[in-house]
Amino acid sequence: MSETTPEITIPAELLPADGRFGSGPSKVRPEAVAALAEIADDYLGTSHRQPTVKNVVGRLREGMSDFFGLPDDWEIVLGNGGTTMFWDCATFGLIRNRSQHLSFGEFSGKFASAVSSAPFLADPMVIESELGTKPEAVTTDGIDLYALTHNETTTGVSMEIKRPAGSDGLVAVDATSAAGGLRWDPAEVDCYYFAPQKAFASDGGLYIAACSPAAQDRIKELASGYRWCPPALNLKTALDNSTKNQTYNTPALATIHMAVSQVEWFNQNGGIDFAAGRSEESAQTIYSWADASALATPFVTKAEDRSNVVATIDFDDSISADVLSKVLRANGILDTEGYRKLGRNQVRIALFPAIDPSDIEALTKCIDFVLAELA
Ligand SMILES: *Cc1c(COP(=O)(O)O)cnc(C)c1O
C-alpha cells in the first residue's frame, strides 16, 4: 500500500527546538557532541591503554555508580557489542543451567531465543504475555537466572523491578531503554545492563553492566574452566579489564565520552530524580494529551504499565499513523514511526531525559495541527 504524503507545513512557532524523538538511537545532546569536539585532538585517535582514555572510562564507571547509587562492592563492567552482544556474554557467562525469561516484545523475546539455542543450557522457561501487557516472574526450582526487561522498547511497557519472592537465582535486567530514565533498587537486582544509545544519549556499540557481588561470583564460577567460552564474550575478562578502566579490545571512544557527558550532566543536576523526573514530566504530557484526544489513545491500556521512557500511541482508523509520521518527518520531526512488527496504527515517541519535556509538549501541538489538516 503506497500512500502519497500530503504537503502540510507545520507553522514554525509550533515546532520543537529539537526534532529527534526516536527510541534508539536517540537524541544526543548538542553539548555532549561539543564536549567531544573540544577534547578531540587529545582523545580521539589515542591509545586506549594510556591514562587519557583510561581516565574517561574511569569517569564513566564512577559516574554510573554514583548515578545508580550502587553499593561499593558492585562493579560497572563494559565491553564492545551493545546489548545484543551482552546476551551472548550472559548465555556463556551468567546462566549456570536454566533461565526464566519474561517475554513481552521483540527485545525480551530475542534474549530468550538466543539462550534456547545454547547446547550447554537447559531449555529456558519463557513466560509470555500479550503485546502491550507484561508477564510476572514465577519463582521456580532450578532457575538460576531470571531475565527481566525494565522497559520493552517495542511496545512501551515498563515494569517495576522486583526479585522473585524466595528465589536464589540471579536477577538480570535488560535496561537498554530504561537505564537513566526509570528508577530501580539495587537490592532487587544482580545485573543491570544496557547500551548507551537510548536514555544515556550516546551512540551504539558498547554494553555497560552494573554487577552485584553475586553476579561477579557467578561470572568467576562459570569462567573457572568447565565451560568453553569465546574469548571476546568472556565476562570474567571484561570484569578484569573494567576494574582497570580498560576494555578487552579497542572500544568506541566517542561513545564512551558522550555517555560520560550524559551521566555527569545527570549527576550535576540532581541525579536520578532529575533524569527520571524529566521522563516523568514528558510521560505525563503525552499520555494526558492522548487521553484527552478524540483520535489518539495510549496503546498500553493499564496506566501503571505505561512507560515513562517510550510512549506508544494508537490512532483512530480515520487517520493513518504512517501518513502522520511522514508529514512530521517532512517537517523535521524524526522517527515517530511505530515499531513495524507490532503492525498497529501507531506512533512511538521516546521520552528519554535528553529530550526536553517542552519539546514533547510542542510535539503534541504539532500532531494536533497535522490531524486537523488531515481531517
Ligand atoms: C535497543 C534495545 C536492545 C538492543 O540494543 P543493541 O545495543 O542494539 O544491541 C535490547 N534491548 C532493549 C530493551 C532495547 O531497547
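Counting starts at 1 for both ligands and their atoms, following the listed order.
With ligand atoms numbered from 1 in the order given, ligand 1 contributes 7 (O) to contacts under 4.0 Å with heavy atoms of Ala195. The contact set between ligand 1 and Trp87, taken as ligand atoms under 4.0 Å from a residue heavy atom, comprises 10 (C), 11 (N). Those atoms of ligand 1 that come under 4.0 Å of a heavy atom in Gly82, given as number and element, are 7 (O). Against a heavy-atom cut-off of under 4.0 Å, Asn151 is close to the following atoms of ligand 1: 13 (C).
The shortest contact between atom 15 (O) of ligand 1 and any protein heavy atom is with Thr153 OG1, 2.4 Å. In terms of protein heavy-atom proximity, atom 11 (N) of ligand 1 is closest to Asp174 OD2, 2.7 Å. Protein heavy atom in closest approach to atom 9 (O) of ligand 1: Thr84 OG1, 2.5 Å. Looking at atom 10 (C) of ligand 1, its nearest protein heavy atom turns out to be Phe107 CD2, 3.4 Å. Nearest to atom 1 (C) of ligand 1 among the protein's heavy atoms is Lys198 NZ, 1.4 Å. Counting only heavy atoms of the protein, atom 5 (O) of ligand 1 lies nearest to Thr83 CB, 3.5 Å. Ranking the protein heavy atoms by distance from atom 8 (O) of ligand 1 puts Gln197 NE2, 3.6 Å first.
At a cut-off of 3.5 Å, with distance as the only test, no side-chain donor of Ser325 or Glu337 sits close to an acceptor on the other residue. Looking at Thr52 and Thr46, their side chains never bring a donor and an acceptor atom within 3.5 Å of each other.
Not a single heavy atom of Thr154 sits under 4.0 Å from any atom of ligand 1. Residue contact annotation: His150 has no non-hydrogen atom under 4.0 Å from ligand 1.
Note: Phe274 and Trp265 meet the aromatic proximity criterion, with ring centroids under 6.0 Å apart. Aromatic pair Phe68/Tyr192: centroids less than 6.0 angstrom apart. Residues Phe92 and Phe120 place their aromatic rings such that the two centres sit under 6.0 Å apart. Aromatic ring centres of Phe194 and Phe86 lie farther apart than the 6.0 Å criterion allows.
Remark: Ser242 OG to Ile76 CD1 distance equals 9.0 Å, nearest 0.5 Å.
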Pair Asn345-Asp314, side chain to side chain donor-acceptor pair (under 3.5 Å): steps then yes or no: CA-CA 6 Å; Asn345 191 33; Asp314 279 345; over 6 Å; no

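The shortest distance between side-chain heavy atoms of Leu295 and Ser318 falls below 4.5 Å.
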